[in-house]
Chemist: 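Questions regarding the structure given below will be posed in turn.
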Amino acid sequence: VFDSLRSKRSDFPILNRVTYLNSAFTSLTPRPVANKIAEYYLNHRASSVGPFEYLLDEIDTAYIRIATLIGSRGSGGSINSDNILITSSCSQAIETLAHALEYSDLSPGDNVVLSQLEYCSNATPWIRLGNKHGVEIRLAKFDPDTQNVPTRNFELAIDQRTRLVALAHVSNLTGGELHISEVSRIAHERGSLVLVDGAQSYSTLSVDVEKLGCDFYAFSGHKAMGPTGTGVLWSSEEAVCVLESLVPKPNYTDDGLPPYSRFWGNSASNYEGILGLGWVADYIRQIGIENIERYIAHLTAYLHDGLDHIKFIKKISPAQSRNLVSFLLPERWNVNDVADALYRNNVVGLVLGGNSFPFLPKSLLGNGAIRLSLHFYNNEEDIQRAMHILGEIAAGNY
Ligand SMILES: Cc1ncc(COP(=O)(O)O)c(C=O)c1O
């Protein structure tokens, strides 16, 4: 199976030029999808043979492809794409939910529970909401021993006044997976909604929103091999009414109007974005998301092992991290110099600073961490190249 995945590497010609270990920041788009987007521009955009026929069918199919990949089902058990809202990014998906919640009956003294690991996209909307409405922000604490946020710490933070629990599926700092289904169960028992930030899990992990048990699942298109300027907010059938408070609810089913997501989301007219998201979902389906997940797990273990052989660095990712590993450097090394040395050798990673993680103690990230992240188009040689340079730096050769 790994061999057939490896053969797909040629779908990503950029990899001939660069060792790309930064997919958690933004990913690469496979040639078949890029070709389809070009084909749309060249032959279907504003076509005199009726662009709407093409668009309406293809857009409907795109929604269904996305819904299928995340297991969005209606009450009858069949795939339901009506609760998928296309946005311009994962950040905007989260922001949209925050705006929608402002229309609901939030009262001072209510609280929102977040993990201490949250990235700013899943922190600032809630801080703003909290300041404006007197809603308390509570944190489920990060545990430095396990490098993760234990479910127990959510249990301690959630109470009857919790309106929302918002947490990453996979942390973009540590790569650790949070236990969504357990947190969802606890939150629901106490009457709270649950938002999952799936920016790092969609396209790298097999995701089934029904099994996760969450109410909202937000993700990014550009981190998932899709077009830039795309994101998604999925809502459960029960929770979609929260979003409808933002949109004047037409009696769409009786009037034959499209579901709210099309009605609203399409007004942005990012057709190539929506179509591209659908084509990527289909590309992933053909390869098999379980195969992608398994291969990324293999590569991540290989990356952990490589880093274990580099002197002086300190990993801040749990051993079972998903699609990335981050590490701290000894104080005498400058983090930007190390990132530059990698870059000069054609290896692209990322420096992460404390400002992106508003709830983490500043001491945890010190002068910054380096993150190397993977997608299924990477291979062992990519990792070896990065390890070679880090090894040279550790040996004092830079
Ligand atoms: C965990 C997490 N959430 C949200 C985002 C923001 O995604 P987008 O660029 O689609 O807004 C990122 C991007 O780094 C992320 O890693």
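One-based numbering, in listed order, for ligands and for the atoms of each.
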Chemist: Considering non-hydrogen atoms of the protein only, which is the closest contact for atom 11 (O) of ligand 1, and what is the distance?
Modeler: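 Answer, as residue, atom name and distance: S91 OG, 2.5 Å.
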
Chemist: Taking atom CG of D215 and atom NE2 of H188, what is their separation to the nearest 0.5 Å?
Modeler: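 Rounded to the nearest 0.5 Å, the CG-NE2 separation comes to 3.5 Å.
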
Chemist: With a 4.0 Å cut-off on heavy atoms, is Q92 touching ligand 1?
Modeler: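 Q92: no contact with ligand 1 (<4.0 Å).
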
Chemist: Ion pair present between E237 and R73, side-chain N to carboxylate O less than 4.0 angstrom?
Modeler: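 Salt bridge between E237 and R73, a charged N being under 4.0 Å from a carboxylate O: no.
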
Chemist: Going from CD1 on I64 to CD1 on I59, what distance comes out if it is rounded to the nearest 0.5 angstrom?
Modeler: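 If we round to the nearest 0.5 Å, I64:CD1 and I59:CD1 are 12.0 Å apart.
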
Chemist: Starting from atom 12 (C) of ligand 1, locate the nearest protein heavy atom and write down its residue, its atom name and how far away it is, to 0.1 Å.
Modeler: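 So the nearest neighbour among protein heavy atoms is K223 CE, 3.2 Å.
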
Chemist: Going by the side chain to side chain donor-acceptor pair (under 3.5 Å) test, which pairs reach into residues 4-21, not counting sequence neighbours?
Modeler: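 Residue pairs passing side chain to side chain donor-acceptor pair (under 3.5 Å), neighbours aside: R6-Y295, R6-E380, R9-D382, D11-Y283, T19-R385.
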
Chemist: Are any of the N or O atoms of S121 closer than 3.5 Å to those of ligand 1?
Modeler: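 Not met; the criterion fails.
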
Chemist: If you take the centroid of each ring, where Trp contributes its six-membered ring, are F357 and Y119 closer together than 6.0 Å?
Modeler: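 Under 6.0 Å, so yes.
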
Chemist: Can you report which non-hydrogen protein atom sits closest to atom 3 (N) of ligand 1, along with the distance?
Modeler: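 Atom 3 (N) of ligand 1 sits closest to the protein heavy atom D197 OD2, 2.6 Å.
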
Chemist: Not counting sequence neighbours, which residues clear ring-ring contact (aromatic ring centres under 6.0 Å, His included) with Y202? List them please.
Modeler: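 Only F219 meet the ring-ring contact (aromatic ring centres under 6.0 Å, His included) criterion with Y202.
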
Chemist: Below 4.0 Å from ligand 1: does a non-hydrogen atom of E118 turn up there or not?
Modeler: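 Not so, E118 does not reach ligand 1.
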
Chemist: Just to confirm my output: which protein heavy-atom neighbour is closest to atom 9 (O) of ligand 1, and how far is it?
Modeler: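 Going atom by atom, the protein heavy atom closest to atom 9 (O) of ligand 1 ends up being H222 NE2, 2.8 Å.
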
Chemist: Check each atom of ligand 1 against the heavy atoms of S89 and keep those under 4.0 Å away; list them by number with element.
Modeler: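 Once the distances to S89 are compared, the set is 8 (P), 10 (O), 11 (O).
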
Chemist: Checking Q200 against H169: is there a side-chain donor and acceptor pair closer than 3.5 Å?
Modeler: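 Their side chains do not contain a donor-acceptor pair, so the 3.5 Å distance test is not met.
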
Chemist: How far is atom 10 (O) of ligand 1 from the closest protein heavy atom, and which atom is that?
Modeler: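 Sorting protein heavy atoms by distance from atom 10 (O) of ligand 1 puts C90 N, 2.9 Å first.
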
Chemist: Is it the side chain (CB and beyond), the backbone, both or neither of A168 that lies under 4.0 Å from ligand 1, heavy atoms counted?
Modeler: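 Neither part.
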
